[in-house]
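Just so you know, these numbers come straight off a predicted model, no measurement behind them.
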Amino acid sequence: MRPASLREVVERAREDGDWDHHLQNFLDAFYARDGETAAQAAMIAEDPGFLGQARPDAFLGGVGEHLARRWRLPFIPAWVRHEARYLDMAMFVPGERNLRSYLVCVSPVSFRPRLIFTGPEPLQRARFPYHRGVVRMPLTFPEGPEAAALFERER
């Protein structure tokens, strides 16, 4: 049975360590309820807790915020703003160096402040509700010392 909440994702991942697998199953369950705004909001409302690993904990914060924003849910859960949901070193998904500039440009707003850089639809799955359309983002490169510092940390 698929996890019915992000809290269940974390609980299962604590048992077997495979948070990504449980997250993918959760996303399938979330997308299967497309159009049921209250049910989807309830799936991300409760603080899932922490796995004690910086990257998964930050990524799950981005997931909660992204799902709330992308599917226009009535609120963004407060738990996504916890300081442990942010990284202090950049994470690129996928990690190929030649994609980094592109990922910095197209990463959704829910992941950028966490220093997680990924594609424009990072949570896309087979059950993804394509009838809603895919997010289109302009390809602009961030400027200034913040952008330079981001790439320097990775070298």
Gap between atom CD of Q24 and atom CG of L27 - 0.5 Å precision: 5.5 Å
Point-to-point distance, once rounded to the nearest 0.5 Å, from CG of L6 to CE of M43: 8.0 Å
Considering all heavy atoms, the nearest G61-R85 contact: CA-CD, 3.7 Å
Non-hydrogen atoms of R100 and G95 that approach each other most closely: NH2-O, 4.0 Å
Exam field: side chain S107 to backbone R112, donor-acceptor pair closer than 3.5 Å: no
CA sep, side-chain torsions, deciding dist, call: D20, R55, salt bridge (charged side-chain N to carboxylate O under 4.0 Å, His left out): CA-CA 11 Å; D20 186 54; R55 287 181 170 207; over 6 Å; no
Which atom of P77 lies closest to which atom of A45, heavy atoms considered: CB-O, 4.0 Å
Pairwise distance CG(D88) to CD(E83) - rounded to 0.5 angstrom: 11.0 Å
Beyond-backbone contact of P94 with L99, side-chain heavy atoms, under 4.5 angstrom: yes
Connected via hydrophobic side-chain network under 4.5 Å: V63 and Y86: no
From OG1 (T118) to CG (L123), nearest 0.5 Å: 8.0 Å
From L73 atom CG to L67 atom CG, the distance as rounded to the nearest 0.5 Å: 7.5 Å
Derivation of the ring pair (Phe, Tyr, Trp, His ring centres under 6.0 Å) call for W19 and F26: CA-CA 10 Å; W19 70 274; F26 164 78; over 10 Å; no
Side chains of M91 and L115 in contact at under 4.5 Å (non-hydrogen atoms): no
Residues in salt bridge (Lys or Arg N to Asp or Glu O under 4.0 Å) contact with R114, at least two apart in sequence or another chain: E65
Chi angles and distances behind the side-chain contact (heavy atoms from CB on, under 4.5 Å) call for H22, D16: CA-CA 10 Å; H22 298 299; D16 65 15; 2.8 Å; yes
Aromatic ring proximity, centroids under 6.0 angstrom, F50 and W79: no
Partner set under salt bridge (Lys or Arg N to Asp or Glu O under 4.0 Å) for D18, not counting sequence neighbours: none
Name of the residue among F111, F92, F59 meeting ring-ring contact (aromatic ring centres under 6.0 Å, His included) with F117: F92
Closest non-hydrogen atom pair between R69 and S110, with its separation: CD-OG, 3.3 Å
Close side-chain approach of H21 and R12, heavy atoms under 4.5 Å: no
Contact check, side chains of T37 and P74, non-hydrogen atoms, under 4.5 Å: yes
Nearest heavy-atom neighbours spanning L103 and G119: CD2-N, 3.6 Å
Closest non-hydrogen atom pair, A13 against L51: CB-CD2, 3.8 Å
Evaluation steps, side-chain contact (heavy atoms from CB on, under 4.5 Å), between V80 and I44: CA-CA 10 Å; V80 304; I44 64 167; over 6 Å; no
